[in-house]
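Here it is: the structure, laid out below.
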Protein chains: 2
Amino acid sequence: MTTAAEPPVASRRGRPGYDQDAVLDVAVAVFNEHGFDATPISALADRLGLSKSALYHHFDSKEQLLGVALEEALGALEGVLVEPGATEGTATERLAFVLRGAVRVLVARLPYVTLLLRVRGNSAVERSALERRRAFDHAITALVREAQAEGSVRADIEASVATRLVFGMVNSIVEWYRPTGPEGADELAGDVLAVALDGLRTR
Amino acid sequence: MTTAAEPPVASRRGRPGYDQDAVLDVAVAVFNEHGFDATPISALADRLGLSKSALYHHFDSKEQLLGVALEEALGALEGVLVEPGATEGTATERLAFVLRGAVRVLVARLPYVTLLLRVRGNSAVERSALERRRAFDHAITALVREAQAEGSVRADIEASVATRLVFGMVNSIVEWYRPTGPEGADELAGDVLAVALDGLRTR
DNA sequence: GTCTATAAAGAGATAGAC
DNA sequence: GTCTATCTCTTTATAGAC
């Protein structure tokens with residue numbers, strides 16, 4: 001993907017030129033390659049084969065573009081928490097479901113979630129995203145605490161630490177997983193659950 | 001740490017003004033707050049209570065400053081691999097030692113390792129750091145593979161995937177751990193080993 | 001070792017034509 | 001919807017005085 005510009009003809013809603021989603025996809029990819037702050041608008045323009053000004057027809061500012069991208073990632077992640085599997089069954093079952101769901105979303109929206117996980121709070125948009133990530137984390141921590149109360153998750157590790165460690169593992173997937181490889185999303189989710197719940201050691 | 005400038009008097013080698021190490025410590029802290037690319041030299045100058053030009057007396061370029069910081073983190077991590085505990089005993093013992101060592105280094109040099117883990121390859125210095133990280137990962141993967149051959153680590157997960165998942169967990173510590181909290185480095189390392197080797201599930 | 005001043009380049013964003 | 005041209009601001013880095 002170092003060449004410029006797929007034909008704008010193939011745009012999703014059949015209109016000429018790029019539509020907003022197509023621009024967003026490319027922008028997110030380029031942001032992930034160089035880092036959001038290190039990516040000039042001109043880099044997006046080059047990749048799309050457009051001028052900078054043409055891009056400003058599609059969005060108001062670089063920051064707004066980031067906001068739309070982060071919303072996509074956050075919405076998908078938050079969606080997992082309201083699926084039936086996340087609200088029915090034992091705490092451990094729900095925890096396993098949410099872990100699988102997080103891996104599923106992460107793989108399905110890899111570039112968007114990657115961008116989200118690299119946000120550091122440099123602007124209002126970024127701080128708002130961090131706030132929603134924190135809320136997501138808190139929901140999972142509550143689930144872990146419930147599972148500990150059930151007796152199905154070890155209680156000798158604080159729930160907040162256990163959550164952070166396991167989600168650190170999940171989130172790190174964006175650093176190396178590529179959907180083209182030999183391992184599918186389901187297999188990957190299975191590996192994550194195996195390590196998180198049962199560990200690497202044989203018995 | 002939002003105020004400016006400790007007294008330069010307290011500098012480590014007793015010379016007037018800041019020495020290179022003091023500048024580096026502050027630079028790494030500010031880089032971590034805003035991201036390396038998003039941090040202008042002027043932000044370092046403000047934090048140190050110096051002018052930009054004065055800073056250029058301490059280093060040749062922003063990139064060189066980054067290089068020195070990354071060397072510190074990489075050197076410390078690579079050091080773990082050559083300690084006696086990493087070369088003696090069963091593969092599982094060595095793996096546990098290296099995991100503990102990585103957590104120890106990560107906590108001891110938290111800002112430097114944090115900076116390292118956020119590097120994306122935007123320059124020659126960054127790409128060289130990524131290369132060394134890859135070599136480190138490969139050494140661990142070999143260790144996991146050995147432990148699998150011993151029969152002490154589960155073989156139903158590919159060694160490279162297991163390594164990435166576990167080190168994803170370890171590395172994610174920089175995102176939340178603060179040495180001021182209730183949990184010490186040893187306790188944290190214990191938690192990491194517990195989850196990585198035995199998992200969250202009770203038996 | 002630090003300063004003021006400035007160069008040179010690149011950034012985000014807008015104006016107005018087609 | 002895209003273009004060229006341009007504005008304004010910020011950036012990295014240097015020159016030269018103290």
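Every chain is numbered from 1 and lettered A, B, ... according to where its sequence line falls, protein lines coming before strand lines.
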- Item | Euclidean distance, atom NZ of residue B/Lys62 to atom P of D/dT10 [Å, nearest integer] |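 Spelled out: NZ on B/Lys62 to P on D/dT10 is 16 Å.
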- Query: Taking atom P of D/dT11 as reference, at what distance in whole Å does atom CD1 of B/Ile41 sit?
  - Reply: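 Spelled out: CD1 on B/Ile41 to P on D/dT11 is 10 Å.
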- Task: Using whole Å, report how far CG of B/Leu65 lies from P of D/dT11.
- Result: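 So the two atoms are 16 Å apart, to the nearest Å.
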- Hey, could you give me each pair passing ring-ring contact (aromatic ring centres under 6.0 Å, His included) that has a residue in residues 119-140 of chain B? Not counting sequence neighbours.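 Qualifying pairs, neighbours excluded: B/Phe136-B/Phe167.
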- Less than 4.0 Å between a side-chain N and a carboxylate O, is that true for B/Arg47 and B/Glu33?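 Salt bridge present between B/Glu33 and B/Arg47.
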- Nearest whole angstrom, please: distance from the C1' of C/dA13 to the CG of A/Leu66.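 A/Leu66 atom CG is separated from C/dA13 atom C1' by 17 Å.
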- By salt bridge (Lys or Arg N to Asp or Glu O under 4.0 Å) - contacts of B/Asp198 (at least two apart):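 Applying salt bridge (Lys or Arg N to Asp or Glu O under 4.0 Å) to B/Asp198 gives A/Arg201, A/Arg203.
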- In whole angstroms, how far is the P atom of C/dA13 from the NE2 atom of A/His58?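 Rounded to whole Å, this separation is 16 Å.
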- A/Arg133/A/Glu126 ion pair, N-O < 4.0 Å: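 A salt bridge is absent here (no side-chain N lies under 4.0 Å from a carboxylate O).
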- Give the rounded distance in Å between these two atoms: CG of A/Asp46 and P of C/dG10.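 Answer to the nearest Å: 13 Å.
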- Item | C/dG1 OP1/OP2 closer than 4.0 Å to side-chain N/O of B/His57 |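 Yes, because at least one side-chain N or O of B/His57 sits under 4.0 Å from OP1 or OP2 of C/dG1.
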- Query: A/Ala54 has a side chain; which of C/dG12, D/dC3, C/dT2 sits nearest to it?
  - Reply: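 Nearest to the side-chain atoms of A/Ala54, counting from C-beta on, is D/dC3.
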- Task: Could you work out which one of C/dG12, D/dT11, C/dT4 sits closest to the side chain of B/Ser51?
- Result: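 Side chain of B/Ser51 sits closest to C/dT4.
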- Query: Tell me: CG of B/Asp37 to C1' of D/dT10, nearest whole Å?
  - Reply: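 The answer, rounded to whole Å, is 15 Å.
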Considering only nitrogen or oxygen atoms on both sides, find all protein atoms under 3.5 Å from nucleotides 14-18 of chain D and state each distance.
| unit_1 | atom_1 | unit_2 | atom_2 | d |
| --- | --- | --- | --- | --- |
| D/dT14 | O4 | B/Ser53 | OG | 3.2 |

- Item | B/Val125: side-chain contact (heavy atoms from CB on, under 4.5 Å) partners, not counting sequence neighbours |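 Only B/Glu63, B/Leu66, B/Leu70, B/Ser123 meet the side-chain contact (heavy atoms from CB on, under 4.5 Å) criterion with B/Val125.
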I'd like a table of donor-acceptor pairs (distance under 3.5 Å, sequence neighbours excluded) in which one partner is a side-chain atom from residues 103-117 of chain B, with atom names and distances.
| unit_1 | atom_1 | unit_2 | atom_2 | d |
| --- | --- | --- | --- | --- |
| B/Arg104 | NH2 | B/Glu83 | OE1 | 3.4 |
| B/Arg109 | NH1 | B/Glu72 | OE2 | 2.6 |
| B/Tyr112 | OH | B/Asp25 | OD1 | 2.5 |
| B/Thr114 | OG1 | B/Leu110 | O | 2.6 |

- Task: For residues 59-99 of chain A, pull every pair meeting ring-ring contact (aromatic ring centres under 6.0 Å, His included), keeping only residues two or more places apart or in separate chains.
- Result: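 Checked against ring-ring contact (aromatic ring centres under 6.0 Å, His included) - neighbours excluded - the pairs reaching residues 59-99 of chain A are A/Tyr56-A/Phe59.
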- Query: Whole Å only: how far is the CZ atom of B/Phe36 from the P atom of D/dT11?
  - Reply: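 Rounded to whole Å, this separation is 14 Å.
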